[in-house]
Amino acid sequence: MADGHTITIEQDTRRVRAVHGGQVLAESERALALRETGCPVRYYFPAEDVRLELLTPSDTHTYCPFKGTASYWSLPDAADLVWSYPDPKPDVSEIKDHLCFYEVEVS
């Protein structure tokens with residue numbers, strides 16, 4: 001990590017849901033809470049808890065110097081709504097095989 005930049009990842013046992021247009025896209029009590037300097041908390045869902053059949057892979061890829069290269073998925077009305085790090089950097093290896101959404105509900 002860069003000086004002053006931190007990332008922590010913790011198992012979150014609360015129910016976390018990702019909903020778009022009234023449709024539940026993911027729901028889990030096994031999500032990982034990723035806290036990164038300067039960013040909101042992001043919840044990474046195990047792939048098994050995501051309705052992958054509703055998502056279409058995107059051609060978009062972005063690079064984070066702390067996490068690696070992200071791949072994205074879209075809905076017909078929401079481009080690049082979901083992302084994951086298929087080969088994350090060693091310091092964040094826990095997020096492998098997990099997907100993240102921009103907005104989630106936590107209860």
Side-chain angles (χ1 to χ4, degrees):
M1 298 293 145
D3 213 21
H5 187 96
T6 62
I7 294 178
T8 60
I9 301 170
E10 299 171 345
Q11 183 74 49
D12 197 309
T13 57
R14 296 177 294 175
R15 180 174 305 251
V16 182
R17 294 175 5 133
V19 179
H20 180 80
Q23 185 169 45
V24 176
L25 302 176
E27 187 166 7
S28 183
E29 291 178 355
R30 305 178 302 141
L32 299 174
L34 185 143
R35 291 173 174 81
E36 181 174 3
T37 302
C39 299
V41 176
R42 295 291 186 201
Y43 293 91
Y44 283 76
F45 292 81
E48 308 83 48
D49 296 347
V50 177
R51 297 191 57 201
L52 295 171
E53 75 276 6
L54 300 176
L55 303 170
T56 304
S58 166
D59 291 331
T60 301
H61 297 280
T62 58
Y63 178 76
C64 169
F66 307 108
K67 294 185 290 285
T69 300
S71 297
Y72 289 78
W73 287 264
S74 300
L75 290 173
D77 65 341
D80 301 336
L81 179 70
V82 185
W83 70 94
S84 74
Y85 292 89
D87 189 23
K89 296 209 173 218
D91 286 346
V92 295
S93 61
E94 302 99 315
I95 63 173
K96 183 174 178 60
D97 300 323
H98 287 66
L99 292 91
C100 190
F101 295 77
Y102 283 105
E103 293 185 24
V104 299
E105 303 169 355
V106 179
S107 57

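Hydrogens, waters and symmetry mates play no part in the numbers below; they use all other heavy atoms, side chains included.
The aromatic rings of Tyr102 and Trp83 sit tilted relative to each other, their planes meeting at an angle between 30° and 60°.
Under the 4.5 Å side-chain heavy-atom criterion for Ile, Leu, Val, Met, Phe, Trp and Tyr, Val82 and Val92 are members of distinct hydrophobic clusters. Hydrophobic clustering, with ILVMFWY side chains joined whenever heavy atoms are under 4.5 angstrom apart, keeps Tyr85 apart from Val41. Transitive grouping of hydrophobic side chains (ILVMFWY, heavy atoms separated by less than 4.5 Å) keeps Tyr43 and Ile9 in distinct clusters. One hydrophobic cluster, built from ILVMFWY side chains closer than 4.5 Å, holds both Phe101 and Leu52. Under the 4.5 Å side-chain heavy-atom criterion for ILVMFWY residues, a single connected hydrophobic cluster contains both Leu99 and Val104.
Considering Thr62, Thr60, Asp59 as possible partners of Tyr72, the one that fulfils the side chain to side chain donor-acceptor pair (under 3.5 Å) test is Thr62. When Arg51, Arg15, Glu105 are each tested for a side chain to side chain contact (heavy atoms under 4.5 Å, CB included) with Glu27, only one passes: Arg15.
Note: Asp80 CG to Leu75 CG = 10.5 Å, rounded to the nearest 0.5 Å. With rounding to the nearest 0.5 Å, the separation of CG in Asp97 from CD in Glu48 is 7.5 Å. Phe45 contributes atom CZ, which lies 8.0 Å from atom SG of Cys100 (distance to the nearest 0.5 angstrom). The line from CG of Leu32 to CD1 of Ile95 is 8.5 Å long, rounded to the nearest 0.5 Å. Taking CG from Leu81 and CG from Leu54, the interatomic distance works out to 11.0 Å, rounded to the nearest 0.5 Å. One distance of note links CG of Leu34 with CZ of Arg42; it measures 9.5 Å at 0.5 Å rounding.
Of the charged side-chain nitrogens involved, at least one lies within less than 4.0 Å of a carboxylate oxygen, so that Asp12 and Arg14 count as a salt-bridged pair.
At least one side-chain heavy atom of Pro57 sits less than 4.5 Å from a side-chain heavy atom of Trp73.
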Report the C-alpha distance between Glu36 and Ile7 in whole Å, list the side-chain angles of each, state the deciding distance to 0.1 Å, and finish with yes or no for side-chain contact (heavy atoms from CB on, under 4.5 Å). CA-CA 4 Å; Glu36 181 174 3; Ile7 294 178; 3.6 Å; yes
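In terms of heavy-atom proximity, Lys89 sits nearest to Gly68 at CG-N, 3.8 Å.
For Thr56, the side-chain contact (heavy atoms from CB on, under 4.5 Å) test picks out no residue, with sequence neighbours left out.
Under the 3.5 Å distance criterion, the side-chain polar atoms of Ser71 are left unmatched by any main-chain donor or acceptor of His61. At distances below 3.5 Å, at least one donor-acceptor pair connects side-chain atoms of Lys96 with backbone N or O atoms of Pro86. Counting only distance, with no hydrogens or angles, the side chain of Ser28 and the backbone of Val16 share no donor-acceptor pair below 3.5 Å. Remark: side-chain polar atoms of Gln11 are paired, donor with acceptor, to backbone N or O of Arg30 under 3.5 angstrom.
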